[in-house]
Enquirer: 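Below is the structure I would like to discuss, written out as structure tokens.
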Amino acid sequence: MSDTEIEQIATEIAGGRPPMVWFTAAAVGVAEGRSGKVVALGDPADGDFLQVRPTGSKDVLSFSPTEVTLTKPPRPAPPAQKSAAAPKTTTRKDPPVTQPSTVTSVATPSTPPSVVTANAAADGADSAAKAAAAKPAGPAGTAGTAAPKPAKAPAARKRTAPEVTVTLTGTPDGEWAVDVVNGKKRTIRGLPVTSAAVAQAAKVLHPEVAEVVAGILEAARGVQQAKVAQLQAELEEARKLLEELSE
């Protein structure tokens with residue numbers, strides 16, 4: 001499959017029209033000539049970056065450009081019908097011809113039956129010996145021809161699990177949110193989580209992660225304490241003004 005055809009596939013996928021392709025003889029685990037639809041394109045550096053869903057299947061498998069084609073293969077020719085039965089060849093039997101009794105046959109010396117039988121047996125033995133000598137001997141332990149080797153079964157294609165990315169985002173004020181991307185689809189966006197849950201998760205993951213998160217939480221705690229102190233000072237000043245206005 002050429003680069004132009006791959007660009008055509010990308011254009012059709014972007015337009016919401018997954019193109020139909022057909023598997024070639026190089027495809028592993030899928031019969032040649034079977035069709036499927038390209039639902040996505042991965043990174044060409046991976047080799048098998050064409051994400052194809054074979055017709056009649058819900059699974060999405062990865063293939064290389066040499067394993068599929070945009071050209072629809074011709075339909076296989078229907079099996080040839082058996083030709084009409086050949087007419088039976090009949091052998092015409094001529095009736096025996098009886099010679100007139102007036103014809104006098106010439107007597108020939110006849111061979112004794114025992115001599116004829118012995119000669120026929122000798123001729124048969126010579127023919128069998130010549131046939132055995134003309135026939136090439138097969139390899140040792142085999143009966144003439146070697147047994148055909150069994151065809152190798154196609155290797156099963158391994159399914160690749162989608163990549164999952166979890167992103168934890170924090171602000172200086174101590175607010176936290178989680179984003180989750182499953183494959184190429186963002187399943188969770190900006191889900192708020194508490195600082196306590198973040199600290200607990202960091203301890204489970206790794207000591208270095210827990211140390212970094214603890215430093216961020218401590219800084220956020222200091223910011224909040226400063227805000228509380230400022231609000232308390234403003235509240236105290238507001239109380240004094242209220243008392244002066246009440247006198």
Side-chain angles (χ1 to χ4, degrees), residues 1 3-19 21 36-54 57-65 68 156-247:
M1 183 175 293
D3 295 340
T4 304
E5 291 175 328
I6 293 175
E7 292 178 0
Q8 178 183 348
I9 291 175
T11 303
E12 294 184 7
I13 292 176
R17 303 184 306 275
V21 295
K37 288 189 175 182
V38 182
V39 297
L41 294 178
D43 186 0
D46 296 339
D48 297 345
F49 65 93
L50 295 171
Q51 305 296 321
V52 183
R53 181 186 295 113
S57 175
K58 296 181 179 180
D59 298 330
V60 177
L61 306 176
S62 300
F63 294 90
S64 67
V68 294
R157 180 175 294 275
K158 296 182 180 180
R159 298 181 182 177
T160 56
E163 182 179 354
V164 179
T165 304
V166 180
T167 304
L168 180 64
T169 307
T171 65
D173 296 334
E175 297 178 354
W176 297 87
V178 173
D179 293 337
V180 178
V181 178
N182 187 3
K184 296 183 179 180
K185 183 179 180 182
R186 185 181 297 274
T187 55
I188 298 176
R189 182 190 299 271
L191 178 66
V193 293
T194 62
S195 299
V198 172
Q200 184 177 0
K203 293 179 181 179
V204 174
L205 290 175
H206 195 273
E208 294 183 1
V209 177
E211 183 179 355
V212 173
V213 172
I216 297 173
L217 293 176
E218 185 65 25
R221 189 178 298 110
V223 172
Q224 296 300 328
Q225 289 176 349
K227 286 185 178 181
V228 170
Q230 181 180 358
L231 292 175
Q232 287 179 347
E234 293 178 357
L235 178 60
E236 186 66 24
E237 185 178 355
R239 285 178 178 175
K240 291 181 180 180
L241 292 175
L242 181 60
E243 290 176 359
E244 291 177 358
L245 294 173
S246 300
E247 292 180 355

Enquirer: Could you tell me which non-hydrogen atom of Pro19 sits nearest to which non-hydrogen atom of Ile9, and how far apart they are?
Expert: CG-CG2, 3.6 Å
Enquirer: Would you please name every residue forming a salt bridge (Lys or Arg N to Asp or Glu O under 4.0 Å) with Asp179, sequence neighbours left out?
Expert: Arg186
Enquirer: CZ of Arg239 to CG of Leu235: how many Å apart, nearest 0.5 Å?
Expert: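 So the gap between those two atoms works out to 4.5 Å.
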Enquirer: Find the distance between CG (Leu205) and CG (Leu168) and round it off to the nearest 0.5 Å.
Expert: 9.5 Å
Enquirer: For Pro65 and Gly47, which heavy atoms make the closest approach, and how far apart are they?
Expert: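 Closest approach of Pro65 to Gly47: CD-O, 3.8 Å.
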Enquirer: For the CG atom on Asp59, are there more than 12 heavy atoms of other groups (residues, nucleotides or ligands in this structure) within a distance under 6.0 Å?
Expert: yes
Enquirer: side-chain contact (heavy atoms from CB on, under 4.5 Å), that's the test. Do Ile13 and Val38 meet it? Break it down for me.
Expert: CA-CA 8 Å; Ile13 292 176; Val38 182; 3.7 Å; yes
Enquirer: Evaluate Val181 against Thr187 for side-chain contact (heavy atoms from CB on, under 4.5 Å), listing each step before the verdict.
Expert: CA-CA 6 Å; Val181 178; Thr187 55; over 6 Å; no
Enquirer: Output the distance between atom CD1 (Ile216) and atom OG1 (Thr171), rounded to the nearest 0.5 Å.
Expert: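 Here the interatomic distance stands at 10.5 Å.
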Enquirer: Starting at CZ of Arg53, measure out to NZ of Lys37 and round the result to the nearest 0.5 Å.
Expert: 9.0 Å
Enquirer: About how many Å separate OG of Ser195 and CD of Gln200, when rounded to the nearest 0.5 Å?
Expert: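 OG of Ser195 is found 13.0 Å from CD of Gln200.
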Enquirer: Can you tell me if Asp46 uses its side chain to pair, donor with acceptor, with the backbone of Asp48 under 3.5 Å?
Expert: no
Enquirer: Does Glu211 have more than 12 heavy atoms from other residues, nucleotides or ligands lying within 6.0 Å of its CD?
Expert: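 At most 12 heavy atoms, drawn from other residues, nucleotides or ligands, come within 6.0 Å of this atom.
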Enquirer: Is there a side-chain contact between Phe63 and Val52 in this structure, where contact means two heavy atoms from C-beta onward sitting under 4.5 Å apart?
Expert: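 A side-chain contact under 4.5 Å exists here.
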Enquirer: Given the rule in the side-chain contact (heavy atoms from CB on, under 4.5 Å) test, do Leu231 and Glu234 qualify, once you have shown the distances and angles that lead to the verdict?
Expert: CA-CA 5 Å; Leu231 292 175; Glu234 293 178 357; 3.9 Å; yes
Enquirer: Is a salt bridge present between Glu218 and Arg221, judged by a nitrogen-to-oxygen distance below 4.0 Å?
Expert: yes
Enquirer: Considering only heavy atoms from C-beta outward, does the side chain of Pro192 approach that of Trp176 to under 4.5 Å?
Expert: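 Result no, sub-4.5 Å side-chain heavy-atom pair not found.
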Enquirer: State the CG-OG distance between Leu50 and Ser64, to the nearest 0.5 angstrom.
Expert: 7.5 Å
Enquirer: Checking Val193 against Val198 for the side-chain contact (heavy atoms from CB on, under 4.5 Å) test, could you report, in this order, the C-alpha distance in whole Å, the side-chain angles of both residues, the deciding distance, and whether it holds?
Expert: CA-CA 7 Å; Val193 293; Val198 172; 3.8 Å; yes
